[in-house]
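Any value given below was found using the heavy atoms of this structure, including those in side chains, with hydrogens, waters and symmetry copies removed. All ligand and atom numbering here is 1-based and tracks the order in the structure. Predicted model only: the values in this text are computed from it and were never measured.
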Amino acid sequence: MRPASDALIVIDVQNDFCPGGALAVEKGDAVVAPINAMMDDYAVCVLTQDWHPQNHHSFAAQHPGAEPFSMIEMAYGPQVLWPTHCVQGSPGAAFHPDLRTDPADLILRKGFRPEIDSYSAFFENDQTTPTGLQGYLRSRGVASVTLVGLATDFCVGWSALDAARLGFVVTVDLSACRAIDLDGSLARSLEQMRGAGVTLVGSA
Ligand code: VGL
Ligand code: ZN
């Protein structure tokens with residue numbers, strides 16, 4: 001068992017990010033077994049869920065003529081347009097059926113505001129709207145976080161960068177992560193995480 005100040009944060013292990021899902025990450029389901037095995041080591045365990053309304057502005061379908069995986073300019077900066085995914089209450093938004101959810105102390109949902117996407121578990125993509133996770137972790141005495149889940153180069157990566165910026169000691173265990181890798185996004189994300197002082201362990 002790790003010290004009580006260490007939290008495990010499991011990012012978006014949902015059906016839509018696994019093979020057969022709407023925004024499938026290659027071998028996304030391979031993270032489930034290692035994550036299940038890690039959970040009992042941590043006194044604090046948080047699961048996140050990407051949780052979008054049907055009319056979410058990050059969906060290509062909301063922008064007539066736009067292709068999935070193309071870029072658009074939002075009020076807060078550039079944004080990838082995604083296939084419709086993780087719609088609130090849909091089977092795709094549910095956790096992978098084999099993911100252990102009983103050990104979780106908190107399930108945090110993000111991305112529920114139609115006009116703004118939220119990759120990070122800490123802040124939405126405007127980098128100022130908080131999700132509340134920072135306050136939760138601080139009030140439980142957490143100083144150090146280990147991040148795992150999907151996808152390495154989007155929600156895991158942005159969460160790691162925000163956690164580091166907020167002063168948490170951050171580790172990403174790549175053996176329990178898988179990436180989307182859109183136009184070199186994985187290499188960029190790993191480089192940014194290293195530059196921010198995030199400790200990368202394991203490999204996919
Ligand atoms: C994610 C793209 C869109 C993720 C969520 O969980 O990495 N990626 N929404
Ligand atoms: Zn999303």
Side-chain angles (χ1 to χ4, degrees), residues 8-32 35 46-63 66-72 74 76-96 99 107-127 129 131 133 145 147-163 170 172-174 176-190 192-193 198 200 204:
L8 180 67
I9 304 181
V10 180
I11 304 289
D12 300 359
V13 181
Q14 294 165 264
N15 290 324
D16 269 343
F17 297 123
C18 291
L23 179 41
V25 178
E26 204 184 324
K27 302 204 170 85
D29 54 344
V31 305
V32 173
I35 291 172
V46 176
L47 308 182
T48 72
Q49 233 172 347
D50 209 37
W51 198 251
H52 301 308
Q54 179 73 52
N55 65 343
H56 197 257
H57 290 19
S58 78
F59 296 164
Q62 295 297 309
H63 304 266
E67 290 295 325
F69 305 106
S70 64
M71 300 291 302
I72 191 177
M74 299 281 213
Y76 50 82
Q79 167 73 46
V80 181
L81 292 179
W82 301 108
T84 298
H85 66 278
C86 295
V87 172
Q88 297 170 359
S90 68
F95 290 115
H96 185 287
L99 182 74
I107 294 176
L108 180 106
R109 289 170 169 170
K110 61 185 179 64
F112 50 76
R113 290 184 180 83
E115 67 287 349
I116 177 165
D117 208 0
S118 189
Y119 295 149
S120 164
F122 292 92
F123 294 99
E124 304 201 355
N125 285 12
D126 61 1
Q127 298 188 330
T129 306
T131 62
L133 183 58
V145 297
L147 292 154
V148 292
L150 306 170
T152 318
D153 41 348
F154 287 91
C155 291
V156 176
W158 286 107
S159 298
L161 292 175
D162 280 346
V170 187
V172 172
D173 187 338
L174 295 171
C177 296
R178 290 296 182 279
I180 294 174
D181 204 8
L182 186 64
D183 299 326
S185 57
L186 177 58
R188 268 200 308 281
S189 177
L190 295 175
Q192 284 179 314
M193 287 194 270
V198 173
L200 301 176

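- Nearest heavy atom pair, residue Gly149 against residue Val31, reads O-CG1, 4.4 Å.
- Remark: Asp117 engages Gln79 in a side-chain hydrogen bond (donor to acceptor under 3.5 Å, both in side chains) (not counting sequence neighbours).
- A salt bridge links Asp12 with Lys110; the closest basic N to acidic carboxylate O contact falls under 4.0 Å.
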*Give the intermediate values and the outcome of side chain to side chain contact (heavy atoms under 4.5 Å, CB included) for residues Phe95 and Leu47.*
CA-CA 9 Å; Phe95 290 115; Leu47 308 182; 3.9 Å; yes

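- With sequence neighbours excluded, the residues satisfying side-chain hydrogen bond (donor to acceptor under 3.5 Å, both in side chains) with Thr129 are Asp126.
- The side-chain heavy atoms of Phe59 and Val87, taken from C-beta on, include a pair separated by under 4.5 Å.
- Around the Zn ion (ligand 2), the protein contributes the following N, O or S atoms at distances under 2.8 Å: Asp50 OD2, His52 NE2, His85 NE2.
- A tilted orientation is assigned to the rings of Phe17 and His85, their planes being inclined by 30° to 60°.
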Tabulation required: pairs of a nitrogen or oxygen in ligand 1 and a protein nitrogen or oxygen under 3.5 Å; columns are atom names and distance to 0.1 Å; otherwise 'none'.
unit_1   : atom_1 : unit_2 : atom_2 : d
ligand 1 : 6 (O)  : Asp12  : OD2    : 2.7
ligand 1 : 6 (O)  : Leu150 : O      : 3.3
ligand 1 : 7 (O)  : Ala151 : N      : 3.0
ligand 1 : 7 (O)  : Cys155 : N      : 3.1
ligand 1 : 9 (N)  : Asp50  : OD2    : 3.0
ligand 1 : 9 (N)  : His85  : NE2    : 3.1

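- Between the side chains of Ser185 and Asp153, at least one donor N or O sits under 3.5 Å from an acceptor N or O.
- Taking all atoms of both residues into account, the shortest heavy-atom contact from Arg109 to Gln49 is NE-OE1, 3.0 Å.
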